[in-house]
Amino acid sequence: MHNKRDEKAVVLLSGGLDSATVAAIAKDEGYDIYALTFLYGQMHSIEIESAKKIAAFLDVENHMIIELPLGSFANSSLTGVGKIPMGRNMNEISSGIPSTYVPGRNIIFLSYAVSYAESIGANNVFIGVNSIDFSGYPDCRQEFIDAFQKAVDTGTKAGVEGKKGIRIRAPLINLSKREIIEKGLSLNLDYSLTHSCYSPKENGMPCGKCDSCIIRSNAFKEIGIDDPLIMLFS
C-alpha cells in the first residue's frame with residue numbers, strides 16, 4: 001500500500017467485483033475510505049452482505065448503508081419488474097439497454113456520494129463504472145461521468161469556492177473485465193468476498209446464466225484462474 005494521505009475518499013460500494021476493485025484502488029492510493037452502499041429495492045440482499053465483507057476486509061473508516069425507495073418507482077428487473085435476461089452471448093449483452101437497467105441509479109448514488117463527500121471534507125468520490133465489458137447502461141459511460149463532474153463543479157460550494165473541489169473518480173471506465181480483475185489481484189483483493197449475480201440462489205450461489213455472471217466468468221477464464229467465489233460452492 002502507498003503512504004497514507006490523511007485524506008478522505010467516498011467510495012460507492014455495491015458488493016460487486018467492480019466496486020470492490022475501486023475501493024481497493026482508493027485504499028492503495030492512501031485514502032481513508034468512507035463507503036456508501038444502497039438498498040434500493042433490489043430483489044436480494046446478498047450483495048449488501050458482500051459489501052459489508054469487503055468493507056471489513058479493506059478496513060474502511062466508515063460504512064454507511066442507506067435505504068432508498070427506488071423500488072417503488074424505478075422499474076427494473078433488478079427490482080422485480082420484468083424478467084432478468086439469461087443465457088445471452090456477449091454480442092447480445094452489449095447491444096441495447098437491458099431490463100436490468102435501474103432508471104437514474106448512478107445519478108442518485110453519485111448525488112448522495114457528493115453530498116457526503118462535501119459534508120466530511122472529502123475531495124474524491126470513487127465509482128466502479130465501466131464502459132468496456134458492461135451491459136449497455138448509459139450511466140456507465142465517460143460522457144455521463146464528464147457531465148456529472150460539470151454538475152458537481154457548478155452545483156456545490158466545494159466546486160465553486162474550494163481549491164480542490166470534488167473529483168469524480170472512475171478508474172475502471174476504460175478497462176476490460178479481465179484488466180479489472182488483474183488490477184484487483186495485484187492489490188491482493190479477495191474476490192471470493194464479492195458478488196455479481198443478478199439472480200442468485202437462496203444460499204448465495206450465482207446462477208451462472210445472467211449477463212453479469214457471464215461477463216465475470218469469461219473474464220476469469222481469460223486470466224486462466226477459477227473464480228474464487230464459485231470455488232466456495234464447489
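Since we're looking at a predicted model, the values are computed, not measured.
Side chain of Ser19 to main chain of Ser14: a donor-acceptor pair is present (N/O by atom type, distance under 3.5 Å, no hydrogens or angles). For the pair Asn62 (side chain) and Tyr34 (backbone), a donor-acceptor distance under 3.5 Å is absent. With hydrogens and angles disregarded, a donor-acceptor distance shorter than 3.5 Å links the side chain of Ser212 to the backbone of Ser196. With Ser119 contributing its side chain and Ser115 its backbone, the two residues share a donor-acceptor pair below 3.5 Å.
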Given the rule in the side chain to side chain contact (heavy atoms under 4.5 Å, CB included) test, do Ile168 and Val114 qualify, once you have shown the distances and angles that lead to the verdict? CA-CA 9 Å; Ile168 307 300; Val114 167; 3.9 Å; yes
Does the side chain to side chain contact (heavy atoms under 4.5 Å, CB included) test come out yes or no for Val129 and Gln142, once each step is laid out? CA-CA 9 Å; Val129 291; Gln142 187 65 55; over 6 Å; no
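Taken together through direct or relayed side-chain contacts under 4.5 Å among Ile, Leu, Val, Met, Phe, Trp and Tyr, Ile225 and Leu187 form part of one hydrophobic cluster. If you chain together hydrophobic residues whose side chains sit under 4.5 Å apart, Ile48 and Leu12 never meet in one group. Cluster annotation: Val10 is connected to Tyr40 through the hydrophobic network of ILVMFWY side chains, with a link wherever side-chain heavy atoms come within less than 4.5 Å. Ile214 and Ile230 are members of different hydrophobic clusters when ILVMFWY side chains are connected at heavy-atom separations under 4.5 Å. Both Tyr112 and Ile166 are members of a single hydrophobic cluster when ILVMFWY side chains are connected at heavy-atom separations under 4.5 Å.
Here the side chains of Lys52 and Ile65 are in contact, with some heavy-atom distance below 4.5 Å. The closest side-chain heavy-atom distance from Val125 to Tyr116 is not below 4.5 Å. Put simply, the side chain of Arg88 reaches to within 4.5 Å of the side chain of Pro98, judged on heavy atoms. Proximity of Phe126 to Pro171: side-chain heavy atoms (C-beta onward) are separated by under 4.5 Å at one or more points. Side-chain atoms of Asn75 and Thr79, non-hydrogen and from C-beta on, never get closer than 4.5 Å to each other. Counting only heavy atoms from C-beta outward, the side chains of Phe109 and Ile127 never approach each other to under 4.5 Å.
A pairwise comparison of heavy atoms in Glu92 and Gly87 identifies OE1-O, 4.4 Å as the closest pair. Nearest heavy atom pair, residue Asp139 against residue Phe144, reads O-CD2, 3.3 Å. Scanning both residues, Arg141 and Ser131, for their nearest heavy atoms gives CA-CB, 4.3 Å. The two residues Gly15 and Ser50 come nearest to each other via the heavy atoms O-CB, 3.5 Å. Tyr191 and Thr21 make their closest contact through OH-OG1, 2.7 Å (heavy atoms, listed as atom of the first residue, atom of the second, distance). Taking all atoms of both residues into account, the shortest heavy-atom contact from Cys140 to Asn106 is SG-ND2, 4.1 Å.
Considering His63, Lys8, Lys27 in turn, Lys27 is the only one that fulfils the side chain to side chain contact (heavy atoms under 4.5 Å, CB included) rule with Ile33. Checked against Leu13 for a side chain to side chain contact (heavy atoms under 4.5 Å, CB included), the options Val60, Ile54, Val22 give a single hit: Ile54.
Each ring-ring contact (aromatic ring centres under 6.0 Å, His included) pair with one or both residues in residues 86-105, not counting sequence neighbours, would appear here, but there are none. Listed by first and then second residue, the salt bridge (Lys or Arg N to Asp or Glu O under 4.0 Å) pairs that reach into residues 151-176 are Glu7-Lys164, Glu29-Arg169, sequence neighbours excluded.
A donor-acceptor pair shorter than 3.5 Å can be found between the side chains of Arg216 and Thr194.
To the nearest 0.5 Å, atoms CD1 (Ile181) and CD (Glu179) are separated by 11.0 Å. Once rounded to the nearest 0.5 Å, the distance linking CG of Leu36 with CD1 of Ile66 reads 5.0 Å. Tyr137 contributes atom OH, which lies 2.5 Å from atom OG1 of Thr100 (distance to the nearest 0.5 angstrom). One distance of note links NZ of Lys177 with OG of Ser217; it measures 12.5 Å at 0.5 Å rounding. Between the CG atom in Leu78 and the CD atom in Glu47 there is a gap of 8.0 Å [rounded to 0.5 Å]. The CG atom of Leu17 sits 8.0 Å away from the CG atom of Asp227 when rounded to the nearest 0.5 Å.
Applying the side-chain contact (heavy atoms from CB on, under 4.5 Å) criterion to Leu232, with sequence neighbours excluded, gives Ser192, Leu229.
Applying the 6.0 Å contact sphere to CE of Met86 captures more than 12 heavy atoms from other residues, nucleotides or ligands. Other residues, nucleotides and ligands contribute at most 12 non-hydrogen atoms within 6.0 Å of the CD atom of Glu67.
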